[in-house]
Amino acid sequence: MKLILTAAVNKLGIAGDIVDVKPGYGRNFLLPQGYAIAWTKGAEKQILGIQRARDAREIRGIEHANQVRDQLEALGVSLSARTGSDEGKLYGAITPADVVAAVKKAGGPALDKRSVVIAKPIKTTGNHTVGIKLNEAVTAHITVDVVAA
């Protein structure tokens with residue numbers, strides 16, 4: 001079954017790639033989740049649009065990754081979360097999506113939540129270091145200040 005990926009899928013490809021997968025995997029997972037669309041000749045135009053959008057967001061090289069890293073490390077990222085006690089324990093945990101939203105709110109670039117690396121779950125208030133993988137060779141480390149809401 002030939003499909004066009006609309007989002008990055010681990011061990012398969014990135015958005016805009018044309019992939020050939022087993023029919024069950026495509027029909028039962030990729031299509032319902034919105035990770036792919038059926039391949040047709042008319043969908044070639046959609047591929048070009050997806051690839052242009054991907055190129056606009058993509059880190060273009062090590063120099064660009066270093067510039068983005070410097071920009072991210074200069075940001076002051078703060079998150080507010082609900083706490084359950086005076087000790088500063090959170091009701092849940094801070095997720096990569098929360099970090100991406102906080103970076104965007106602080107004036108940083110748009111990031112993919114899959115690029116955020118949280119070493120151990122953030123379940124308390126205070127300062128925590130989070131890694132953001134920009135490139136194979138470049139990782140930005142930002143400090144996220146978690147405060148009680």
Side-chain angles (χ1 to χ4, degrees), residues 1-84 90-124 128-147 149:
M1 171 180 248
K2 265 185 149 176
L3 297 173
I4 301 168
L5 295 179
T6 57
V9 179
N10 286 341
K11 299 181 183 177
L12 191 58
I14 55 176
D17 288 350
I18 298 173
V19 295
D20 195 18
V21 297
K22 291 187 178 184
Y25 182 56
R27 187 175 53 249
N28 296 325
F29 178 70
L30 295 175
L31 292 173
Q33 295 294 326
Y35 293 142
I37 57 173
W39 181 86
T40 61
K41 289 183 181 182
E44 294 291 332
K45 292 178 185 177
Q46 289 180 338
I47 291 174
L48 295 175
I50 291 169
Q51 288 175 342
R52 265 185 272 145
R54 179 181 67 197
D55 290 341
R57 284 190 315 256
E58 190 174 275
I59 302 297
R60 293 185 253 327
I62 291 179
E63 285 183 23
H64 186 244
N66 286 330
Q67 290 174 354
V68 173
R69 180 186 66 195
D70 294 339
Q71 179 185 3
L72 284 171
E73 290 176 350
L75 284 177
V77 180
S78 179
L79 272 166
S80 63
R82 290 183 22 179
T83 57
L90 304 180
Y91 276 121
I94 301 298
T95 63
D98 296 333
V99 173
V100 168
V103 167
K104 185 73 173 168
K105 185 177 177 184
L111 299 171
D112 186 16
K113 68 181 180 181
R114 291 178 293 246
S115 66
V116 176
V117 179
I118 299 175
K120 64 178 194 175
I122 299 173
K123 295 185 177 188
T124 59
H128 300 277
T129 303
V130 174
I132 299 174
K133 190 170 184 174
L134 301 171
N135 198 341
E136 293 298 321
V138 180
T139 300
H141 296 284
I142 62 171
T143 301
V144 177
D145 182 30
V146 179
V147 296

Atom [atom1] in [X], atom [atom2] in [Y]: separation rounded to 0.5 Å?
X    : Y    : atom1 : atom2 : value
I118 : D98  : CD1   : CG    : 8.0 Å
Q71  : Q67  : CD    : CD    : 9.0 Å
L90  : I122 : CG    : CD1   : 9.0 Å
H128 : I142 : NE2   : CD1   : 12.5 Å
L3   : I18  : CG    : CD1   : 10.5 Å
L134 : R69  : CG    : CZ    : 8.5 Å

Quick one: does [X]'s side chain have a donor or acceptor within less than 3.5 Å of a partner on [Y]'s backbone?
X   : Y    : result
D17 : L5   : no
E73 : A140 : no
T6  : G34  : yes

Using every non-hydrogen atom in the two residues, find where [X] and [Y] come nearest and quote the distance to one decimal.
X    : Y    : answer
V147 : S78  : CG2-OG, 4.2 Å
P96  : V116 : CB-CB, 3.9 Å
A106 : G76  : CB-O, 3.9 Å
K2   : D20  : N-OD1, 3.8 Å
G26  : P32  : O-CD, 4.0 Å
L72  : P109 : CD2-CD, 3.7 Å

Non-hydrogen side-chain atoms of V77 and T143 separated by less than 4.5 Å: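 No, every pair of side-chain atoms sits at 4.5 Å or beyond.
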Heavy-atom side-chain proximity of V9 to V19 below 4.5 angstrom: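 Not touching, per the 4.5 Å side-chain cut-off.
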Passing option when S115 is tested against T139, I132, V100 for side chain to side chain contact (heavy atoms under 4.5 Å, CB included):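 Testing each of T139, I132, V100 against S115, the sole residue satisfying side chain to side chain contact (heavy atoms under 4.5 Å, CB included) is I132.
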Trace of the side chain to side chain contact (heavy atoms under 4.5 Å, CB included) decision for L79 with I94: CA-CA 9 Å; L79 272 166; I94 301 298; 3.5 Å; yes
